[in-house]
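Below, read A as the first sequence line, B as the second, and so on, with proteins coming before strands; counting in each chain starts at 1. All values reported here derive from a predicted model rather than from experimental measurement.
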There are 2 protein chains.
Amino acid sequence: MKFHIDPDSFGFLVNDVARLTRLEMDRRIEEAGLGFTTGEGRALIHIKRAGPVRQNVLAERLGVEAMTCSTTLDRLEAKGFIERRPDPSDRRAKLVVLTAAGEDVIERVGPIAATVREDAALGLSPAEWETFLGTLRHVRSTLTGIRESAQAQAREDAA
Amino acid sequence: MKFHIDPDSFGFLVNDVARLTRLEMDRRIEEAGLGFTTGEGRALIHIKRAGPVRQNVLAERLGVEAMTCSTTLDRLEAKGFIERRPDPSDRRAKLVVLTAAGEDVIERVGPIAATVREDAALGLSPAEWETFLGTLRHVRSTLTGIRESAQAQAREDAA
DNA sequence: TCGAGATACTAAGTAATACTTATTATCAGC
DNA sequence: GCTGATAATAAGTATTACTTAGTATCTCGA
């Protein structure tokens with residue numbers, strides 16, 4: 001039987017598109033001298049959205065382990081984009097807040113993200129693009145659900 | 001103009017979906033005891049498709065620098081999935097070939113990729129899924145073109 | 001109330017993926 | 001045959017992830 005290797009299979013496609021988007025984004029951020037990566041930008045935007053937020057909550061929203069989140073926050077704190085403040089309601093916890101520099105850098109990355117988006121959408125109609133984004137949201141939601149079930153299962157097995 | 005930054009913008013969406021797909025894929029590969037990552041699988045499949053191939057050609061197809069490719073091949077070689085053979089037509093170059101173990105592991109990863117794809121496509125009609133893949137292919141092609149132009153420009157600037 | 005177990009965070013260690021720069025061997029063109 | 005380009009890699013760095021283990025603190029039940 002002939003080998004079926006689909007170079008355009010879902011996994012490779014989505015990985016390629018994400019990789020290309022990230023590399024292009026990183027290149028333009030670098031060019032603009034903003035001094036952070038797409039991954040750090042992702043964290044910044046979630047912090048912006050969530051307001052002062054506990055690290056464990058932020059980790060969950062980012063879909064990473066608490067330790068991974070902590071390391072990312074270390075870098076962002078070193079760069080002066082966020083602060084960790086004690087949570088008055090729980091002395092174990094810390095609240096993550098954006099600094100003025102963090103707010104500023106988010107404002108400046110917006111136009112850059114817009115140029116990448118425009119480039120990615122070249123040759124597609126607005127309707128096609130919206131459909132595309134809608135499907136991406138749908139798939140993300142599906143996969144997030146699967147991942148959460150798997151993690152719950154893993155915790156159960158561990159217990 | 002105000003730039004609306006949110007986690008549902010294109011860059012974050014596609015990154016999230018790729019991350020979730022990769023993590024889920026890695027989890028199932030791990031579960032099956034195949035002993036490699038999605039990234040390594042990507043390299044394996046490109047080697048399979050290209051046949052005996054020079055490392056620099058492979059690097060270009062993978063869209064990474066020669067050194068990154070070399071490191072990935074080190075891991076694959078250590079695991080016994082590939083071999084580096086001297087290129088008879090150029091003594092500087094090496095040809096990368098799959099071993100029997102490499103062929104075997106590609107066969108076994110196929111069904112795993114299929115389960116992830118099925119899960120990702122839950123709740124979408126076949127037509128919607130095809131449209132989605134078509135748009136991903138289109139965007140990949142657009143971004144690849146942009147990246148190649150940028151690299152050509154960088155080489156020119158360096159010269 | 002107090003003690004056990006859970007939770008919030010971090011230190012330490014590991015691994016994969018990616019880059020840059022510099023080096024060695026070899027090739028190709030003048 | 002020399003010179004510059006090319007193929008691969010060594011060395012060093014950074015990011016993004018994980019696990020395990022440890023400390024401080026909280027919460028709930030006996």
Side-chain angles (χ1 to χ4, degrees), chain A residues 15-16 18-20 22-27 29-30 35-44 53-60 62-79 84-96 147 150-151 154-155 158-159, chain B residues 15-16 18-27 29-30 35-44 53-60 62-79 82 84-96 147 150-151 154-155 158-159:
Chain A
N15 239 301
D16 286 348
R19 218 187 72 251
L20 289 163
R22 185 171 37 75
L23 290 173
E24 196 54 30
M25 192 70 190
D26 283 345
R27 196 174 65 73
I29 289 172
E30 164 79 26
F36 62 96
T37 66
T38 302
E40 289 166 1
R42 184 166 166 263
L44 282 177
V53 60
R54 280 198 198 173
Q55 289 190 196
N56 62 335
V57 173
L58 183 60
E60 200 176 326
L62 291 170
V64 298
E65 294 301 315
M67 193 59 225
T68 302
C69 183
S70 186
T71 309
T72 302
L73 293 177
D74 284 347
R75 288 198 304 275
L76 290 173
E77 195 170 33
K79 290 170 182 172
R84 286 166 160 118
R85 295 191 188 154
D87 182 342
S89 74
D90 187 337
R91 274 187 291 168
R92 293 169 302 178
K94 296 172 186 173
L95 293 177
V96 180
R147 181 166 167 77
Q151 282 176 336
R155 270 194 298 277
Chain B
N15 242 303
D16 285 348
R19 217 186 74 251
L20 289 163
T21 303
R22 184 172 37 74
L23 290 173
E24 196 55 29
M25 191 72 190
D26 283 344
R27 196 174 65 73
I29 288 173
E30 164 80 25
F36 64 93
T37 65
T38 302
E40 289 166 1
R42 183 164 168 266
L44 281 178
V53 61
R54 281 198 198 171
Q55 290 190 197
N56 63 334
V57 174
L58 184 60
E60 199 176 327
L62 290 170
V64 298
E65 293 302 313
M67 193 58 226
T68 302
C69 183
S70 187
T71 310
T72 302
L73 293 176
D74 284 346
R75 288 197 306 274
L76 290 174
E77 194 170 33
K79 289 170 183 172
I82 61 129
R84 284 166 162 119
R85 295 190 187 157
D87 183 341
S89 74
D90 187 338
R91 273 187 290 170
R92 291 169 304 179
K94 295 174 188 172
L95 293 177
V96 180
R147 181 166 169 76
Q151 282 176 335
R155 268 194 300 276

Mapping A:Val57 and A:Leu23 to their closest nucleotides on DNA chain C, which lands nearer the 5' end? A:Val57

Nearest-nucleotide comparison on DNA chain C, the residue closer to the 5′ end among A:Gln55 and B:Asp90: A:Gln55

Distance below 4.0 Å between [X] side-chain N/O and [N] OP1 or OP2:
| X | N | answer |
| --- | --- | --- |
| A:Arg84 | C:dT10 | yes |
| B:Asn56 | D:dA8 | yes |
| A:Thr68 | D:dC18 | yes |
| B:Ser70 | D:dA8 | no |

Closest approach to the side chain of [X], judged atom by atom: which nucleotide of [options] is it?
| X | options | result |
| --- | --- | --- |
| B:Ala66 | C:dT26, D:dT9, C:dA11 | D:dT9 |
| A:Met67 | C:dC19, C:dT10, D:dA17 | C:dT10 |
| A:Arg92 | C:dT7, D:dC18, D:dT6 | C:dT7 |
| A:Ala93 | C:dA8, C:dA18, D:dT9 | C:dA8 |
| A:Glu65 | D:dA10, D:dC18, C:dA16 | D:dC18 |

[X] [atom1] to [N] [atom2], straight-line distance once rounded to whole Å:
| X | N | atom1 | atom2 | answer |
| --- | --- | --- | --- | --- |
| B:Arg22 | C:dA15 | CZ | C1' | 13 Å |
| B:Ile82 | D:dA8 | CD1 | P | 12 Å |
| B:Ile29 | D:dA17 | CD1 | P | 17 Å |
| B:Leu73 | D:dA8 | CG | P | 10 Å |
| B:Asp74 | D:dA11 | CG | P | 12 Å |
| A:Glu60 | D:dA17 | CD | P | 16 Å |
| B:Lys94 | D:dT9 | NZ | C1' | 7 Å |
| A:Glu30 | D:dA14 | CD | P | 13 Å |

Can a salt bridge be assigned to the pair [X] and [Y] using a cut-off of 4.0 Å between side-chain N and carboxylate O?
| X | Y | answer |
| --- | --- | --- |
| B:Asp87 | B:Arg92 | no |
| A:Asp74 | A:Lys79 | no |
| B:Arg27 | B:Glu30 | no |

Less than 3.5 Å apart, any donor N or O on the side chain of A:Thr38 or A:Asp26 sitting next to an acceptor on the other? yes

Contact class for B:Arg42 vs. all strands (heavy atom < 4.0 Å): base, sugar-phosphate, or nothing? nothing

Is B:Arg54 reaching over with its side chain to a backbone N or O of B:Ala93, donor-acceptor style, under 3.5 angstrom? no

Test your reading of the model: is there a side-chain donor-acceptor pair from A:Arg42 to the backbone of A:Leu62, 3.5 Å cut-off? yes

Side chain of B:Arg91, base of C:dT26: donor and acceptor closer than 3.5 Å? no

